[in-house]
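Report on one structure; see the data block that follows.
What you see below is based on every heavy atom in this structure, not just the backbone, and it leaves out hydrogens, waters and symmetry mates.
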Amino acid sequence: MASFYKLLFPMVILGSINTYAQTTLPVPVNLQATYTKGTRTTNGAPGKNYWQNSADYTISINFNPISRLLEGTVSVDYINNSPDTLDEINLKLYPNLYKKGAIRNMPVSAADLTDGVKIKNLAIDKIDQDTSRWTIDGTNMTLKTTPILPKQKVHFDIVYSYTLNKTSHIRTGQVDSGAFFIAYFFPRIAVYDDIDGWNQNHYRGSEEFYNDFCHFNLAITVPGNYKVWSTGNLKNAGEVYAPKIVARLHDAEQNDKVTDIITEAELKEQITANKTANTWKFEADSVTDMAFAISNHYIWKASSLVVDPKTNRRTRVDAVFNPNHKDYFEVINYARKTVEAMSYQFPKWPYPYAHETVFDGLDQMEYPMMVNDNPTPTAEDGIELTDHEIFHTMFPFYMGVNETKYGWMDEGWATIGEWTISPIIDPKVTDLFGVEAYAQSAGKEEDQPIISLTTQLSGASGFTDSYPKPGLGYLYVKDMLGDELFTKALHNYISQWHCKHPMPFDFFNCMNIGAGKNLNWFWKSWFIDGGIPDLGIGKVSNSQKEYSVIINRIGSKPVPVDLTIFYADGTTQQIHQSVACWANGEKTYTANFTAKNSVTKIVLGGSYDPDSNKGDNVWVGK
């Protein structure tokens, strides 16, 4: 459990929600230091001294599908925007998750263990560096340099190679003999930020990522019968595709209808440039990563829609898949509806990127503009998986969240996104992902506060602290504020921090300012403190048709009050009260209603109301 310390100076307090709500959040001392340095502010906005480093990458790789050998060169122009002089550069070698002897917390088959990333040459400002200048420890690489001054630009050239995993598919690897999803495939400079300095957390498999916003030019050379999909815009479609494919791609980018860009019948045709190998060129700006996928037997469906009516900007949506996977034929519709719902309903923000490609893989994972999703047994599973992974476009990619430390600032949003958008796609879907898992684990030894660092979690909390618990927290605030005010508050957070690196208290404070309300009582109770969600029905009294139901707050976690009244004629009535009823530390809430018929039973609890003890949630009339 992480230790937290009381903020040493006053927080900005808005609203007048009485004494219980006048809560000061306990900010850890290293995060308090960002206020002192002026890089962040107590109202949630970036400070006048906020900075982040950036880089311009030019990457050229050659991938051999038979040997799975990836060989590449990376040229980087790195700008030190920090106020610090750097005497070393830290890099991430994520493929070293599969290196013999590497630290990992996910299983890897012995057949997939390799010698890791081989650095064949490394130059700084065109001067070759001796291997004694760097050390490699798992996925971390430290390079000693001459001092890099504030605002100085430094150029790096790296020649490297590694062998892609065939099985042990942890977000990347071979899908089948003619399909590959390739991620985290190049040496990259780690984040250096105003909180931790260099990000030195190892990638062990379960934790996710934290990268800077950069500009990328990527050239991918593969055998001539392979097609390539990637983060970024394809810059040379006319050089790698037959004219009819280029025309269809252009058509899909301009129209709402679904276009069959590559059909099953065309898989045996020469629809790529008739060469032994083709080089596919992609460019992306202000993204945190690049990922790509290749196949020689996948079909491609695409559509597009206006995501920003003010500018008429469109986003293309793709489904690229094995035609033998019949469930995937509907994925294009799920994906399109997800992008539409995100742009116009929740979070009601124009989709920020030019395309979103869902690739038929062996995982359930998101990347900038790309999704690597396995086939699913049911349509409901397909909907929930598709919208969850696409929702990650906003969190972490558009918002630059440090997923490694704060998984809840990423997965929690994808969870509420899944809960919200799945029934928009199909009203028959009731998505309760993770709710019961939290009810079962709440209050046990392994149940840690949400704000605990993700790197320190294990057991049930490794899941619940990142997914359902924060998702429920966001849902409860949305319910309490109402859609309009919640959207206003959320947009304040997005406006302040997109393409930056927010930390937890930036989020809390932005939401307070955006809503014009002090929500610290809830942030502390739900995200920072321990405790359990547990409500119970206390006394039920009535005078003829006028009923009063006393709800006892037994646990310290604030959850909504949802009552279902069952009548003798078989009808029911719903009563709902948001978590606002607990804002002043109340221990009871009285629900009053006028009975429409003879009351036979009252049941406490709704679909999104976890309860550690449901034994006191039912009252039966006499």
Side-chain angles (χ1 to χ4, degrees), residues 17-18 20-21 23 419 430 432 434-450 460-461 464-465 468-473 475-480 521-543 545-568 571-622:
I17 313 181
N18 298 328
Y20 183 75
T23 302
W419 291 340
T430 300
L432 303 177
V435 178
E436 186 58 26
Y438 173 45
Q440 293 296 320
S441 64
K444 296 180 179 178
E445 286 180 309
E446 60 187 5
D447 179 31
Q448 301 299 316
I450 293 171
S461 281
T464 58
D465 274 10
K469 286 169 66 176
L472 289 167
L475 187 67
Y476 295 164
V477 174
K478 184 173 182 285
D479 178 44
M480 175 170 52
W521 71 272
F522 183 79
W523 305 134
K524 187 173 187 297
S525 296
W526 192 264
F527 287 85
I528 298 175
D529 292 344
I532 62 173
D534 185 10
L535 302 180
I537 296 177
K539 183 179 180 182
V540 177
S541 58
N542 71 295
S543 176
K545 293 186 176 182
E546 301 303 317
Y547 276 74
S548 291
V549 182
I550 296 177
I551 306 301
N552 295 322
R553 181 184 177 186
I554 301 161
S556 60
K557 293 293 186 186
V559 294
V561 174
D562 287 291
L563 291 173
T564 303
I565 316 300
F566 291 82
Y567 293 111
T571 61
T572 60
Q573 177 184 351
Q574 305 294 324
I575 297 174
H576 173 75
Q577 172 60 51
S578 77
V579 294
C581 65
W582 312 118
N584 296 316
E586 293 90 344
K587 296 298 182 182
T588 63
Y589 171 77
T590 302
N592 299 310
F593 68 95
T594 301
K596 300 176 181 179
N597 203 299
S598 176
V599 177
T600 60
K601 183 170 62 174
I602 300 174
V603 176
L604 172 65
S607 298
Y608 296 97
D609 303 341
D611 197 310
S612 293
N613 175 23
K614 298 179 182 178
D616 51 7
N617 286 15
V618 179
W619 175 88
V620 179
K622 297 178 181 179

Kindly compute the distance separating NZ (Lys539) from OG1 (Thr590), expressed to the nearest 0.5 Å. 10.5 Å

Assess, by modelled atom type and distance only, whether the side chains of Ser461 and Glu446 contain a donor and an acceptor separated by less than 3.5 Å. no

Between Thr588 and Trp582, is a side-chain contact (heavy atoms from CB on, under 4.5 Å) present by the stated rule, with each step listed? CA-CA 8 Å; Thr588 63; Trp582 312 118; 5.5 Å; no

Does any non-hydrogen side-chain atom of Ile602 lie less than 4.5 Å from one of Ile537? yes

Heavy-atom side-chain contact between Val618 and Leu604 under 4.5 Å: no

For the atom pair NZ (Lys524) and OG (Ser556), what is the distance rounded to the nearest 0.5 Å? 9.5 Å

Measure the CG-CD1 distance between Leu535 and Ile554 for me, rounded to the nearest 0.5 Å. 7.5 Å

Taking C-beta and beyond as the side chain, do Pro558 and Arg553 meet within less than 4.5 Å on heavy atoms? yes

Give a yes or no on whether the backbone of Glu586 and the side-chain of Asn584 come within a donor-acceptor separation of less than 3.5 Å. no

Is the shortest heavy-atom distance from the side chain of Leu472 to the side chain of Trp526 under 4.5 Å? yes

Atom pair CD/OG of Gln448 and Ser441 - distance to nearest 0.5 Å: 10.5 Å

Step by step, would you call Asp534 with Val559 a side-chain contact (heavy atoms from CB on, under 4.5 Å)? CA-CA 8 Å; Asp534 185 10; Val559 294; over 6 Å; no

Between CD on residue Gln577 and CG on residue Asp562, distance to nearest 0.5 Å: 9.5 Å

Closest non-hydrogen atoms of Ala568 and Asn597, given as atom of the first, atom of the second and distance, are CB-OD1, 4.1 Å

Do Thr572 and Tyr567 have side chains that approach each other closer than 4.5 Å (heavy atoms only, starting at C-beta)? no

Do Lys444 side-chain atoms and Gln440 backbone N/O form a donor-acceptor pair below 3.5 Å? yes

Would Val477 and Trp523 satisfy side-chain contact (heavy atoms from CB on, under 4.5 Å), going step by step from the backbone distance to the final call? CA-CA 9 Å; Val477 174; Trp523 305 134; 3.9 Å; yes

Residues Ser607 and Leu432: closest non-hydrogen pair is CB-CD2, 3.6 Å

State, with a plain yes or no, whether a side-chain heavy atom of Tyr438 is found less than 4.5 Å away from one of Pro533. yes

Do Val561 and Ile575 have side chains that approach each other closer than 4.5 Å (heavy atoms only, starting at C-beta)? no

Of the non-hydrogen atoms in Pro610 and Tyr476, which two are nearest, and what is the gap between them? CD-OH, 3.2 Å

Starting from the C-alpha separation in whole Å, work towards a yes-or-no answer on side-chain contact (heavy atoms from CB on, under 4.5 Å) for Phe566 and Thr571. CA-CA 6 Å; Phe566 291 82; Thr571 61; over 6 Å; no

If the threshold is 4.0 Å, N to carboxylate O, is there a salt bridge linking Lys469 and Asp447? yes

Taking all non-hydrogen atoms of both residues, which atom of Trp521 and which atom of Val579 are closest, and how far apart? CH2-O, 3.2 Å

Spell out, as yes or no, whether a donor-acceptor pair under 3.5 Å connects the side chain of Asp609 to the backbone of Gly606. yes

Gln574 versus Thr564, side-chain donor and acceptor atoms under 3.5 Å: yes

With distance as the sole criterion, is a donor-acceptor pair present between the side chains of Asn592 and Ser548 under 3.5 Å? yes

Using modelled atom types only, decide if a donor and an acceptor are shared between the side chain of Trp619 and the backbone of Lys601 within a distance under 3.5 Å. no

With rounding to the nearest 0.5 angstrom, report the OH to CD distance, Tyr547 to Gln573. 11.5 Å

Side chain to side chain, Leu475 and Trp419, heavy atoms closer than 4.5 Å: yes

To check you understand the geometry: which heavy-atom pair defines the closest contact between Ile532 and Ser612, and what is its length? CB-OG, 3.6 Å

